Every structure is written in C-alpha cells, then in structure tokens.
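Scroll down for the structure; my scribbles are underneath it.
Not measured: the values here are computed from a predicted model. Below, chain A is the first sequence line, B the second, and so on; all start at residue 1. The analysis underlying the following values was restricted to heavy atoms, covering all of them including side chains, and did not include hydrogens, waters or symmetry mates.
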Protein chains: 2
Amino acid sequence: MPAERPTIADVAQRAGVSKGLVSFALNDKPGVSPQTRDRILEAARDLGWQPSLRARALSVNRAFALGLVISRDPEIITGDPFYPSFIAGVERELAPAGQALVLSVVPDEEAELAAYRKLVADRRVDGVFITDLRHDDARIELARELNVPAVTLGHPETPSPFPAVSMDDRAGIEAAVDHLVGLGHRHIAHVAGPARMLHGSRRRRAFEDAMARAGLPAGLVVETEFRAADGAHATRDLLSRPDGPTAIVFANDPMAIAGLGYAQRSGLRVPDQLSVTGFDGSDVGEHIFPALSTVATDAVSWGAVAARVLLRSIAGEEPGDTDLPPARFVPRESTAPPTDPTGTPTRTGR
Amino acid sequence: MPAERPTIADVAQRAGVSKGLVSFALNDKPGVSPQTRDRILEAARDLGWQPSLRARALSVNRAFALGLVISRDPEIITGDPFYPSFIAGVERELAPAGQALVLSVVPDEEAELAAYRKLVADRRVDGVFITDLRHDDARIELARELNVPAVTLGHPETPSPFPAVSMDDRAGIEAAVDHLVGLGHRHIAHVAGPARMLHGSRRRRAFEDAMARAGLPAGLVVETEFRAADGAHATRDLLSRPDGPTAIVFANDPMAIAGLGYAQRSGLRVPDQLSVTGFDGSDVGEHIFPALSTVATDAVSWGAVAARVLLRSIAGEEPGDTDLPPARFVPRESTAPPTDPTGTPTRTGR
DNA sequence: CTGAAAGCGCTTACAG
DNA sequence: CTGAAAGCGCTTACAG
C-alpha cells in the first residue's frame with residue numbers, strides 16, 4: 001500500500017486558505033486572486049500533492065475512464081491486427097485527456113452484455129465503445145437502457161441514439177474485385193465473415209455488388225467465423241468445386257494468409273494459379289511470400305477518432321456521425337492474371 | 001449521464017436499519033442477525049441497489065483494478081500474438097474477482113515510466129504487471145519507490161521485491177536447436193530480439209549454449225527489434241554471407257514468418273534449402289506454407305497466473321515466485337534436413 | 001475575492 | 001445484535 005500522501009487539507013493549511021479555495025485554484029475556476037492562486041499552487045508543489053482522483057470521482061460523479069469490451073474467441077484474437085492498433089489509437093487520445101481505458105475481454109456475446117452491465121453498474125467508465133456491430137445488436141438497446149454514452153464503430157442497422165464513426169469498407173472490397181476483374185479473372189470467390197456481423201455481411205454484399213457490376217456471377221461465397229483455420233477450410237472447399245475460383249477475396253487477413261497457405265500446400269502456385277486478397281492490412285501479410293494484396297484500414301485513426309467523439313459526447317456535446325477515409329485496396333504480390341487468359345482455372349498438382 | 005440510482009441510505013431506510021448495518025450485511029461481516037440480513041438484502045434487491053464502487057473505493061482506499069502498460073512500437077504491436085492472449089488470461093481471473101484491467105499503451109520507454117507513475121498517482125490501480133523485462137529495468141525501482149504491488153513476468157536481473165511468474169523459454173530454444181542439429185544442420189543462425197530485453201538476450205544465450213553443447217559455432221547471430229521487417233532484413237543479411245546458414249532460429253513468430261517469406265521470395269525452397277523456426281506459437285504460423293515450426297508459449301495461463309499472484313500480493317500475502325511449464329518446441333513443416341547431407345548449404349536461384 | 005459547510009456514498013471504529 | 005457518527009478527499013453552492 002502506497003505511503004501517506006498529502007491531501008487537499010494539507011495544502012490548504014500550508015497556503016493558509018480553505019480547502020474550497022485550493023480546489024478552485026486547482027481547477028482554474030474564477031474567484032481566486034492571482035497571488036493566492038500562486039501561493040496555493042506553490043504549497044501544492046512543495047507538498048507534492050496529487051489530488052485524489054478517487055475523491056474527485058465521487059464528488060463529480062465521473063469515472064474519467066472509457067470502456068472497451070472485446071468479445072472474441074480466444075482463438076481468433078491472436079491473429080487479428082485490428083484491436084491492438086485500435087487501442088493504440090484510443091490511448092493516443094485518452095492519455096493527454098487524463099482519461100484511462102478499462103478493457104474487458106470476454107469469450108462470447110452473453111458475457112459481453114454482462115460485461116457492459118458490470119462496467120456501468122460499477123460506474124467504472126463514463127462511456128463505452130461498441131465495436132464489431134451485429135445485426136439487431138442488443139448492445140445499442142442495452143447502452144440506451146443503461147443510459148451510458150457510447151460510440152459505435154460503423155452505423156448500426158437499428159436506430160441508434162449514439163454517434164457512429166465509420167470507415168467505408170465496401171470501396172476496398174470493390175476495388176479488390178475490380179482489380180481482379182481487370183486482371184482477367186472471371187471466377188472469383190468470397191470468403192466472408194459471419195453474416196450476423198455487420199461488417200461480415202456488408203463486405204459480402206460489396207463483393208456481390210461489384211461482381212454484378214462486372215457482369216459476373218457471385219455465387220461462390222463461403223461464410224466463416226473469421227478464424228484463420230476457417231480460411232484454410234473455405235479454400236479447400238472452394239478449390240474442390242468443379243467451378244472453382246481463380247481468385248478469392250477474403251474478408252480478413254488471417255483467413256487470407258491461411259487460404260494462401262492452403263493453396264500452396266495443395267501445390268497451387270500463388271498468384272499464378274490462384275489470386276488471393278485479404279482485408280485489414282496486417283503487418284505480417286506484407287512479409288509472407290507472395291506478399292498479400294489486401295484492403296488497408298487505418299485502425300489507429302479509427303480508435304483515435306472514436307475516442308474523441310466519445311469524450312465529446314460525455315462532455316454533453318452531440319458530436320454527430322463521422323466518416324473516416326475509406327479503406328484502400330493495396331495490391332501486392334498475391335494477385336496476378338489467371339494462368340489461362342479465358343479465366344478458366346488451370347490446375348495442376350492436385 | 002445515468003439515471004438516479006438508489007444509495008445505501010435508501011436501502012437502510014426501506015429495511016428500517018442504519019446505513020452501517022446495510023454495509024455490514026452486504027459485506028458479510030459478523031454482527032447482523034440472519035433475519036435483519038435477509039430483510040436488508042431484500043430491500044436492496046427491491047430497490048435494485050448497486051453499491052457504488054466509487055464510494056467504496058474512497059472509503060477503503062482501493063481501486064479494485066490492476067494496471068497493464070504495454071510499451072510497443074505501434075508497428076510491432078500488430079503482429080505480436082503475446083499480449084492479446086496474455087490479456088485474455090488476465091481477464092479470466094479478474095472478472096470473477098470483481099476487478100478491472102486498466103490498460104495503457106505507450107510508444108516508448110520514457111512514456112512507459114510516466115504511464116506507471118500516472119496510474120499510481122491517480123490511484124487507478126492497486127497493482128501493476130511488469131512485462132517485457134529489460135536489463136537494469138527502471139520499472140522495478142520505480143514500482144518500489146511508488147510503493148505499488150507488482151508482479152514481473154520472469155525474473156528481473158536486479159534484486160526485486162516483487163513476485164515473479166516465469167516461463168522458461170530456454171528449453172524451447174534448445175529443443176529447436178537440438179531438432180535442427182538432429183536433422184543434420186551445422187550452420188544454424190539466430191535472429192535475436194534486442195539485447196536490452198531480458199527475453200531477447202536469454203533466448204540468444206540459450207541458442208549459444210545449445211550450439212556449444214552440440215559442438216557447433218554460434219557466431220551467426222543478428223540482433224533486431226522484434227519487428228516482422230527485421231526478420232526479413234536479418235534473413236537477407238544472413239543468406240548473403242559466404243558462411244550462410246541452412247537453418248535459422250528466430251526469436252519470435254512474426255520475424256520467422258517474414259524471414260521465411262524473404263527466403264521464398266529469393267527463390268529458396270523452405271524447408272529444403274532453409275529451415276526456419278519461430279517463437280510464440282502464433283495462430284497464423286500454423287497456417288502458412290510451410291507451417292512454421294515454433295516454440296509454443298502459453299500466454300493465456302501466464303496472464304491468469306500473473307493476475308492471481310498480483311491479486312494475492314495486493315491482499316497482503318507474499319506469493320513467492322512461480323514457474324510455469326516451460327515453452328515447448330512444436331515441429332511443423334518449416335524444418336527439414338539440409339539439402340546437402342554434409343550440412344553445407346546448397347543454394348540455387350540467387 | 002474568500003470561508004465555512006454540506007454533500008458525494010460508502011466503511012468502520014465506538015457505544016450501547 | 002444494532003445505531004449514530006466520523007471519516008475517506010474531493011467539489012460546490014451559499015454567505016459574506
């Protein structure tokens with residue numbers, strides 16, 4: 001247990017004023033003459049006084065902290081580059097503002113709701129981030145009911161009283177499809193995230209739309225849970241079909257990397273015999289061979305902006321929605337024209 | 001701002017007792033008759049009373065939270081599988097104990113010390129994790145000076161008053177080397193982490209010791225900053241030497257994956273012409289081709305045990321040091337006998 | 001410009 | 001077994 005620390009009373013005594021005045025001086029409130037103000041600040045410095053956030057929190061009914069609850073299969077959290085970057089962005093805003101981040105990691109959606117409840121019941125946070133939006137997301141209603149400020153990453157489907165900070169991921173998927181079509185691919189598959197997740201289904205729809213615009217059928221879609229292993233399995237399934245694809249657009253990088261690995265293991269040359277694209281722009285995708293063509297999202301900015309918006313809405317402003325620059329397609333080495341220029345896959349070694 | 005909530009006074013009034021008694025009943029303290037206890041609990045339930053953690057924190061001088069500060073180059077945090085798993089393990093202990101995790105992510109060591117100071121000055125946490133130990137780690141002294149309970153991951157070099165939770169990583173490195181030697185490799189290199197980091201230099205020493213035991217020279221060592229890109233660069237440097245290796249032991253998975261990618265990009269066949277091992281057992285390493293042979297660490301358990309130890313030392317116990325089961329080498333596909341059985345590298349395509 | 005006092009919502013000796 | 005009161009360390013009307 002940390003040693004005795006001076007309190008506001010000690011400072012007041014040393015400066016020869018009341019506790020109230022110390023508080024006013026500290027918080028730059030009007031009504032303190034410059035001289036007394038200096039005297040108070042000096043006394044505080046001499047004593048090494050650190051105002052107690054605890055006492056302050058009780059008085060002003062604020063936690064000075066924001067809550068993030070991450071609901072992820074422990075298996076998937078490891079490979080996913082999004083949260084570490086997102087959190088780095090959040091912290092970049094919070095630290096200078098004297099706010100802290102309280103993080104809750106839970107295994108499933110049930111525990112997730114409980115975690116939000118607990119966080120606000122304990123008044124551990126003044127606001128919460130709502131990430132990985134789902135269809136009919138119960139967290140919107142819950143946050144409203146708990147009367148806690150929130151910010152959503154992306155627009156929920158259901159009406160939401162909370163500001164949304166969005167990053168268009170459709171454009172990136174469309175660019176990936178266009179790129180592949182431009183290379184001559186006609187059999188392009190999509191390995192999607194779970195349909196219950198908004199970004200899972202939205203990326204899928206973006207894929208389908210882009211295919212339709214190119215006049216191509218978009219029937220080759222496999223739905224997954226976003227796990228790396230799912231990427232390998234989906235690739236196996238797709239490649240075993242008679243109408244197998246010459247290119248696969250994956251909904252995230254870990255699956256794309258695993259799919260690419262599966263293809264190589266089966267004896268296919270990537271990108272010559274199979275082109276592959278990912279989503280998220282993970283660092284490791286840049287370094288595998290062939291380097292993964294992907295859709296880069298700026299998760300750091302997303303975190304920073306979301307934090308700023310949440311802070312503002314806690315402060316009573318009504319920030320409104322924010323649209324971040326859309327995710328961009330980054331072609332690297334894992335995409336190339338199909339071997340057979342007609343677009344028919346040429347497979348060997350299987 | 002959340003709505004009006006009942007306080008202990010409301011519960012006391014409804015139950016017809018004093019506030020003090022409500023507190024006693026709530027905290028299972030002796031001196032409350034079963035009947036009144038039930039009456040109080042019922043009143044609390046009727047009112048939907050949630051005791052204010054804030055008020056409680058001020059009274060008992062506790063934060064009911066633990067602090068983790070992660071100091072990582074934003075560039076590296078993304079690919080590293082350790083922290084997400086570690087945090088998942090920590091949360092597994094904290095949630096049932098009613099504790100929260102406050103997370104601070106900082107870019108460098110200077111900001112790191114400031115983050116610890118701030119966390120305890122604000123009394124945001126009752127104890128802190130000290131991860132990624134360095135030589136002469138200033139955090140040990142700082143934590144002692146701040147008088148805050150702490151737990152270190154691994155044993156610091158300098159005398160430390162804090163319990164250590166360690167996982168032997170030497171055995172895994174040694175097993176990797178032994179495996180490679182058994183396959184017939186004689187030119188084995190090591191791509192190490194930064195020497196200032198304890199696990200960086202310890203893994204390096206483990207490598208050197210294992211090589212010495214095998215009667216092999218251990219001169220091929222490149223020091224890096226643990227970034228994926230470093231793995232590629234180190235591999236390039238190593239492969240360009242006249243005495244280039246037939247196998248490389250990397251100090252983490254992201255570097256190993258990047259090194260593997262670099263080798264492939266240069267036209268080398270892995271594992272035939274170059275064997276590669278990683279460290280950390282990341283999910284993605286399992287799915288690339290060839291699947292990465294690696295040293296698996298159980299970061300989840302590490303987090304859980306460290307949290308438990310920290311909680312105990314906050315409670316005034318003196319937990320003592322804990323040794324977790326050592327990291328195990330997991331052979332997969334990225335290691336094989338060298339092409340030329342004499343152990344001399346046979347390189348083509350460069 | 002400044003002081004004295006009440007209040008935030010708990011816990012915890014101290015009395016009975 | 002129970003009550004009344006002080007205390008944790010701040011903030012904030014309310015008076016002067």
Side-chain angles (χ1 to χ4, degrees), chain A residues 1-41 43-44 47-65 98 120-124 126 315, chain B residues 1-41 43-44 47-65 98 120-124 126 315:
Chain A
M1 313 297 132
E4 300 291 314
R5 24 188 283 177
T7 74
I8 197 172
D10 300 320
V11 177
Q13 190 182 358
R14 180 175 243 261
V17 298
S18 70
K19 296 190 303 175
L21 209 50
V22 175
S23 173
F24 272 55
L26 178 73
N27 296 306
D28 279 326
K29 299 224 171 162
V32 188
S33 72
Q35 299 91 334
T36 28
R37 196 171 170 288
D38 286 352
R39 191 151 38 93
I40 290 171
L41 263 26
L47 257 30
W49 176 57
Q50 303 266 32
S52 159
L53 195 69
R54 220 113 86 183
R56 189 137 180 266
L58 184 59
S59 292
V60 303
N61 200 27
R62 287 260 281 120
F64 305 106
V120 347
D122 285 348
R123 294 289 192 275
R124 290 210 105 123
D126 300 317
Chain B
M1 311 297 135
E4 299 291 313
R5 26 188 281 176
T7 74
I8 196 170
D10 300 319
V11 177
Q13 189 182 358
R14 180 176 244 262
V17 299
S18 69
K19 296 190 304 174
L21 210 49
V22 175
S23 172
F24 273 56
L26 178 73
N27 297 306
D28 279 325
K29 298 224 171 161
V32 188
S33 72
Q35 301 90 334
T36 28
R37 196 172 171 287
D38 287 350
R39 189 150 40 91
I40 290 170
L41 262 26
L47 258 30
W49 176 57
Q50 303 266 32
S52 159
L53 195 71
R54 220 113 85 184
R56 188 138 181 266
L58 184 59
S59 291
V60 305
N61 200 27
R62 286 261 279 122
F64 305 106
V120 348
D122 285 347
R123 293 289 191 274
R124 290 210 106 122
D126 300 317

Whole-Å distance between C:dT11 P and B:L26 CG?
6 Å

Touch check for A:Q50, heavy atoms < 4.0 angstrom, all strands: base, sugar-phosphate only, or nothing?
sugar-phosphate

Can you check whether B:R56 reaches B:N27 side chain to side chain, under 4.5 Å on heavy atoms?
yes

Could you state the atom-to-atom distance from CD of A:Q13 to P of C:dA4 in whole Å?
13 Å

Phosphate OP1/OP2 of C:dT2: any A:T36 side-chain N/O under 4.0 Å
yes

Which nucleotide wins on minimum distance to the side chain of B:V60, given the candidates C:dG9, C:dT11, D:dC10?
C:dT11

Whole-Å distance between C:dT11 C1' and B:F64 CZ?
10 Å

Interatomic distance where CD1 belongs to A:I8 and P belongs to D:dG9 [whole Å]:
11 Å

Phosphate contact (C:dT2 OP1 or OP2) by A:S33 side-chain N/O below 4.0 Å:
yes

Please state whether the phosphate of C:dG9, meaning OP1 or OP2, lies under 4.0 angstrom from any side-chain nitrogen or oxygen of B:R54.
no

Taking CZ from B:R5 and P from C:dC8, how many angstroms apart are they, rounded to a whole number?
14 Å

Side-chain atoms of A:S18 come closest, of D:dT11, C:dG9, C:dG3, to C:dG3

Is any side-chain heavy atom of A:F24 closer than 4.5 Å to a side-chain heavy atom of A:V17?
no

Is any side-chain N or O of A:T7 closer than 4.0 Å to OP1 or OP2 of D:dC8?
no

Measure CG/B:L47 against C1'/C:dG9 and give the value in whole Å, please.
14 Å

D:dA13: pairing nucleotide in any strand, Watson-Crick or G-U under 3.5 angstrom:
none

Heavy-atom closest contact (B:V22 atom, B:I8 atom, distance)
CG1-CG1, 3.6 Å

Which distance, rounded to the nearest 0.5 Å, do you find between the OG of B:S33 and the CD1 of B:I40?
8.0 Å

Regarding A:L21, tell me which of base, sugar-phosphate or nothing describes its non-hydrogen contacts under 4.0 Å with the strands shown.
sugar-phosphate

Indicate whether OP1 or OP2 belonging to C:dT11 is found under 4.0 Å from a side-chain N or O atom of B:S23.
yes

For the student: nearest non-hydrogen atoms of B:D10 and B:R5, plus distance
OD2-O, 4.5 Å

Sugar-phosphate, base or nothing in reach of B:V22, heavy atoms under 4.0 Å:
nothing

A:R124 to A:A63 - nearest heavy-atom pair and separation
O-CB, 3.3 Å

Figure out the CZ/C1' separation between B:R62 and C:dT12, and round it to whole Å.
17 Å

To the nearest Å, how far apart are A:K19 NZ and C:dC8 P?
15 Å

Winner on side-chain proximity to A:L58, out of C:dC10, C:dG9, D:dC10, is C:dG9

Which nucleotide in the list D:dA4, D:dC10, C:dT11 gets nearest to the side chain of A:A55?
D:dC10

